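Here the structure comes first, spelled out in structure tokens, and everything after it is commentary.
Worth saying up front: this structure is predicted, and the values here are computed from it rather than measured. For the single chain, residues carry numbers from 1 onward in sequence order. Whatever order the structure lists them in is the order used to number ligands and atoms, beginning at 1.
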Amino acid sequence: MLLTNALLPDGRTVDVEVADGLVCAVRPAGSSAPSGRLSTDLAGYLLVESLVEPHAHLDKVFTADRAANPLGTLAGAMSGYEAVLLASDAADIRRRARRALLILVGHGVTAVRTHLGCGRLLGLRAVEAFAQVREELAPFVDVQVVAHVGGPALDVPWSRHARILRDALAAGADVVGGNPFSEAAPDEAMDACLQVAVDAGRPVDLHVDETTDPSVLTLRRLAALAAQAGVPVTASHAVSLGAVAPALADEIAAEVAAAGVSVVTLPATNLHLQGRGAHPAPRGLTAIDALERAGVTVAAGGDNARDPFNPVGRLDPLETASLLVTAGHRSVDQAWRMTVPASRAVMGLPEAGPVVGRRADLLAVRAQSLGDAVALAPADRLVLRAGHVISRTTTTSSGPLHEAGLA
Ligand SMILES: [Zn+2]
């Protein structure tokens, strides 16, 4: 496969040769010897590594119209969602998850980490239902499933509830997840989640401190446990770290860095849910600057889409990058690095992109620069996975403006 006339983010226009799933040559445009290879002209397109989504909730997606969250808070979303959850059968979960995955792939996403609820209310229904969707779409997208365990009933100890996590791993989940900070006994919940992961040798990805209350700092305990765990540990959200004094944020960021914990910030959902009723209203993002200064890998994800936790959301990492520029005070380049390469690192995926030797998971998007791509999120995209075109979206325009040759 030869991709010709592709613009790179550094401004070069190149031809890219792909073989055996890898990028094997990048040459100045027009310098490739003619051959009988399959060739695609990417003139007008920016070529970058494919997108990844490090944090989705594909069991909840597309339920915004079924569940109310009049308070607009995390607690409101959780209680609003319970009714939906109990009414969702396996076919419904599959239908919504499949629709979301197809949109993600069309946008250029070739790997997704999704949290799927399991536990007291849902049992293993979502994990088991999703397995069929994952298998069907395996040729197009790698999916990592996080068993997102919900709290047990009050009279059930975590030691027994941990069994649900183990059953979820046996049923196909890859990663141990949960919300220890919001449980009745956060320390016990976190210890149980870590123990299951260590015993099974699986990564951990927890929802951590999803609150602007600076007194809630379970992140410190997670860092202490992670230092001994021997498995990859990710702290998603870590919102309260953004609400503490700068010196304390630096101190905790150093602990997180020393423990090798990665952080995923989720601007869309946190901006929507956090700080309701507060004045002045906080942004609800983690302490990105402190974490990056300490050397922590900070990635960014989309989190919820069209559900009670986030009634909008485009299932497009370019939207996440754009939000990081606006609300996270990142440059476009910084936002891109957090949203794509850092997310790949958090998910333990090999590097990809138009660089010799890297995996040919690629996205060509009709844009004149990375800034254009992030700002405009153009619909016209060509997605390659391991060197094969898996999706191509082209839009057409018509009308007098176009017929007159003005656009
Ligand atoms: Zn989440």
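- Distances under 2.8 Å from the Zn ion (ligand 1) pick out the protein N/O/S atoms H55 NE2, H57 NE2, H207 NE2, D303 OD1.
- Between H148 and H115, the ring-plane angle classifies as perpendicular under the 30° and 60° cut-offs.
- In summary, of the residues considered (D142, D361, T110), a side chain to side chain donor-acceptor pair (under 3.5 Å) with R385 occurs for D142 alone.
- Because its NZ or CZ atom is both nearer than 6.0 Å to the ring centre of F62 and within 45° of the ring axis, R99 counts as a cation-pi partner of that residue.
- No hydrogens or angles considered: nothing links the side chains of N270 and T265 as a donor-acceptor pair under 3.5 Å.
- By the 6.0 Å contact criterion, CZ on R163 is open, its count of non-hydrogen atoms from other residues, nucleotides or ligands being 12 or less.
- Atom OG of S50 is separated from atom CG of L349 by 9.0 Å, given to the nearest 0.5 angstrom.
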